[in-house]
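First comes the structure, then the notes that go with it.
Predicted model only: the values in this text are computed from it and were never measured.
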Amino acid sequence: MRANSNRREFLRATALAGAGLALSNALPAASNKSVLVFTKSSGFEHDVVKRVGGKPSLVDDTVNELGNRHGFSAGVTKDGRIFDTKEFHSYAAVVFFTTGDLTALGKDGKPPMSAKGKQALLDAVRGGMGFLGVHAATDTFHTLPDPADRSNRYVAHGDQEDPYLRMLGAEFITHGLEPRLQDANLTVNDAKFPGLERVTSPVSFNEEWYSMKDFMPDLHVILTLDTQGMKGECYQRAPYPVTWARMHGKGRVFYTAMGDRPENWKNEFFLNLLAGGIRWSIGEASAQLDANLKQAAPGYAEIPPKFPAAK
């Protein structure tokens with residue numbers, strides 16, 4: 001793709017009128033702030049971010065439709081050069097559904113971030129830009145080295161963790177294989193967080209559940225995964241956070257581990273949560289962010305037994 005067409009891609013704020021998403025308890029409209037949806041896959045490329053036949057991905061379409069419903073606009077791109085531009089700083093928040101080392105060309109062949117671009121992102125969030133990580137955002141910028149056997153992912157790195165992951169709040173280790181997808185119960189730790197009003201525990205949800213570690217101590221945990229009865233070595237651990245919010249300097253950071261299954265991008269519970277997270281990240285919704293990690297997930301620091309890596 002030529003450079004000028006790449007530039008048009010990340011400067012274009014799309015307004016796609018989809019078939020309509022079944023959302024209840026609609027939030028008040030935001031003041032037309034914009035978010036950047038970044039879906040470069042330097043590692044594994046998930047189906048929900050693939051563009052087939054030049055059409056927008058499912059994630060692109062869904063965030064645009066959420067914007068139509070909740071009063072914000074969205075720009076979408078896989079081009080890592082966006083972070084070196086003035087245009088990047090015009091966005092109120094950035095949404096990441098990404099994998100791998102984004103400063104490398106990687107599997108999708110899209111232009112990578114520069115090292116300066118990565119730092120520009122971190123500086124922008126610390127300075128007040130919102131950040132939303134969805135699902136594979138924790139499978140991004142793994143703490144180095146990251147060998148093929150993934151052994152370093154089972155080590156608690158603490159403040160030596162990659163700065164992107166420190167900003168986000170945790171790092172992906174692995175997910176289950178047999179089965180890859182399974183039903184599990186979610187505990188709602190903050191039923192007042194935007195999008196979760198009147199939702200009660202437990203919430204049964206089918207997903208490719210990420211097992212994670214190196215949780216930042218200041219997390220405000222929104223949802224925890226009840227691991228009791230789950231199949232797979234990576235879940236043989238105490239309940240742990242799968243959705244949270246935190247402040248990174250002046251920036252509002254939100255993450256949810258859900259979002260692998262295409263079906264979930266039409267699920268009312270997930271979409272209400274995602275819309276609430278976006279509106280909170282751009283300052284159009286409020287939330288109490290007490291650090292409740294130890295109360296919500298006392299065994300959060302457990303690292304599960306290692307088993308062969310997912311492919």
Side-chain angles (χ1 to χ4, degrees), residues 18-35 37 59 61-74 92-93 95 97 130-135 137 168-170 183-207 209 215 218-226 239-248 251-261 263-297:
L21 301 173
L23 294 176
S24 63
N25 306 324
L27 298 168
S31 55
N32 200 32
K33 293 181 180 178
S34 59
V35 300
V37 182
V59 171
D61 276 350
T62 303
V63 176
N64 271 288
E65 179 60 19
L66 290 176
N68 292 341
R69 289 177 172 270
H70 295 282
F72 59 87
S73 59
V95 180
F97 194 125
F131 185 92
L132 289 95
V134 182
H135 192 56
L168 182 57
D183 292 326
N185 286 330
L186 297 169
T187 299
V188 180
N189 303 103
D190 183 1
K192 294 182 179 180
F193 192 84
L196 288 182
E197 297 85 354
R198 295 183 292 278
V199 176
T200 59
S201 300
V203 177
S204 180
F205 205 77
N206 184 272
E207 185 56 87
W209 295 108
F215 296 99
D218 64 354
L219 292 190
H220 175 72
V221 181
I222 300 168
L223 300 172
T224 52
L225 182 68
D226 183 354
Y240 58 90
V242 288
T243 301
W244 61 78
R246 66 179 299 267
M247 297 299 298
H248 186 70
R252 297 182 175 199
V253 176
F254 172 89
Y255 172 78
T256 181
M258 296 179 286
D260 173 84
R261 296 183 63 219
E263 295 87 343
N264 287 343
W265 288 84
K266 297 182 180 180
N267 178 282
E268 181 178 342
F269 166 73
F270 173 69
L271 293 174
N272 279 332
L273 175 64
L274 185 60
I278 292 173
R279 297 194 72 257
W280 173 76
S281 76
I282 62 177
E284 295 295 332
S286 61
Q288 294 293 323
L289 291 195
D290 56 299
N292 64 347
L293 176 60
K294 292 182 179 179
Q295 293 76 29

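Interatomic distance, Ile282 CD1 to His70 NE2, rounded to the nearest 0.5 Å: 10.5 Å. Expressed to the nearest 0.5 Å, how far NZ of Lys266 lies from CD of Glu65 amounts to 11.5 Å. A distance of 11.0 Å separates NZ in Lys192 from OG in Ser286, rounded to the nearest 0.5 Å. Between His220 atom NE2 and Gln288 atom CD the span is 8.5 Å, to the nearest 0.5 Å. Rounding to the nearest 0.5 Å places CG of Leu223 at 12.0 Å from CG of Asn185.
The side-chain hydrogen bond (donor to acceptor under 3.5 Å, both in side chains) analysis of residues 239-248, with sequence neighbours excluded, yields the pairs Arg126-His248, Asp218-Arg246, Thr243-Thr256, Arg246-His248.
With a 4.5 Å cut-off on side-chain heavy atoms, Met258 and His135 do not count as touching. Contact of the Thr187 side chain with the Thr224 side chain is registered, since non-hydrogen atoms from C-beta on lie closer than 4.5 Å. Side-chain contact between Asp190 and Leu196 is absent, with no heavy-atom pair separated by less than 4.5 Å. Annotation: side chain of Val221 is in contact with side chain of Pro241 (closest heavy-atom distance under 4.5 Å).
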Step-by-step side-chain contact (heavy atoms from CB on, under 4.5 Å) determination, Leu186 to Asp226: CA-CA 6 Å; Leu186 297 169; Asp226 183 354; over 6 Å; no
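Taking all atoms of both residues into account, the shortest heavy-atom contact from Ala245 to Leu289 is CB-CD2, 3.9 Å. Between Gly259 and Phe97, the shortest heavy-atom distance links the atoms O-CE1, 3.5 Å. Nearest approach of Leu293 to Phe215, heavy atoms of both residues: CD2-CB, 4.1 Å. When every heavy atom of Ala92 is checked against every heavy atom of Lys33, the shortest pair comes out as CB-CB, 4.0 Å. Between Trp280 and Val253, the closest heavy-atom pair is CZ3-O, 3.4 Å. Residues Leu132 and Ser281 come closest through the heavy atom pair CD1-OG, 2.9 Å.
The one candidate from Asn267, Val134, Asn264 that meets the side chain to side chain contact (heavy atoms under 4.5 Å, CB included) condition with Leu274 is Val134. The side chain to side chain contact (heavy atoms under 4.5 Å, CB included) test with Phe254 singles out one residue from Val95, Ile278, Leu273, Leu168, and that residue is Leu273.
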Hey, can you pull the donor-acceptor pairs under 3.5 Å for the side chains in residues 199-206, sequence neighbours left out?
residue	atom	partner	partner atom	Å
Ser201	OG	Val188	N	2.7
Asn206	OD1	Arg261	NE	3.3
Asn206	OD1	Arg261	NH1	3.3
Asn206	ND2	Asp183	OD1	3.0

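The aromatic rings of Trp265 and Phe270 sit perpendicular to each other, their planes meeting at more than 60°, with 30° as the lower class boundary.
A distance-only check finds a donor-acceptor pair linking the side chain of Glu207 to the backbone of Asp260 [under 3.5 Å].
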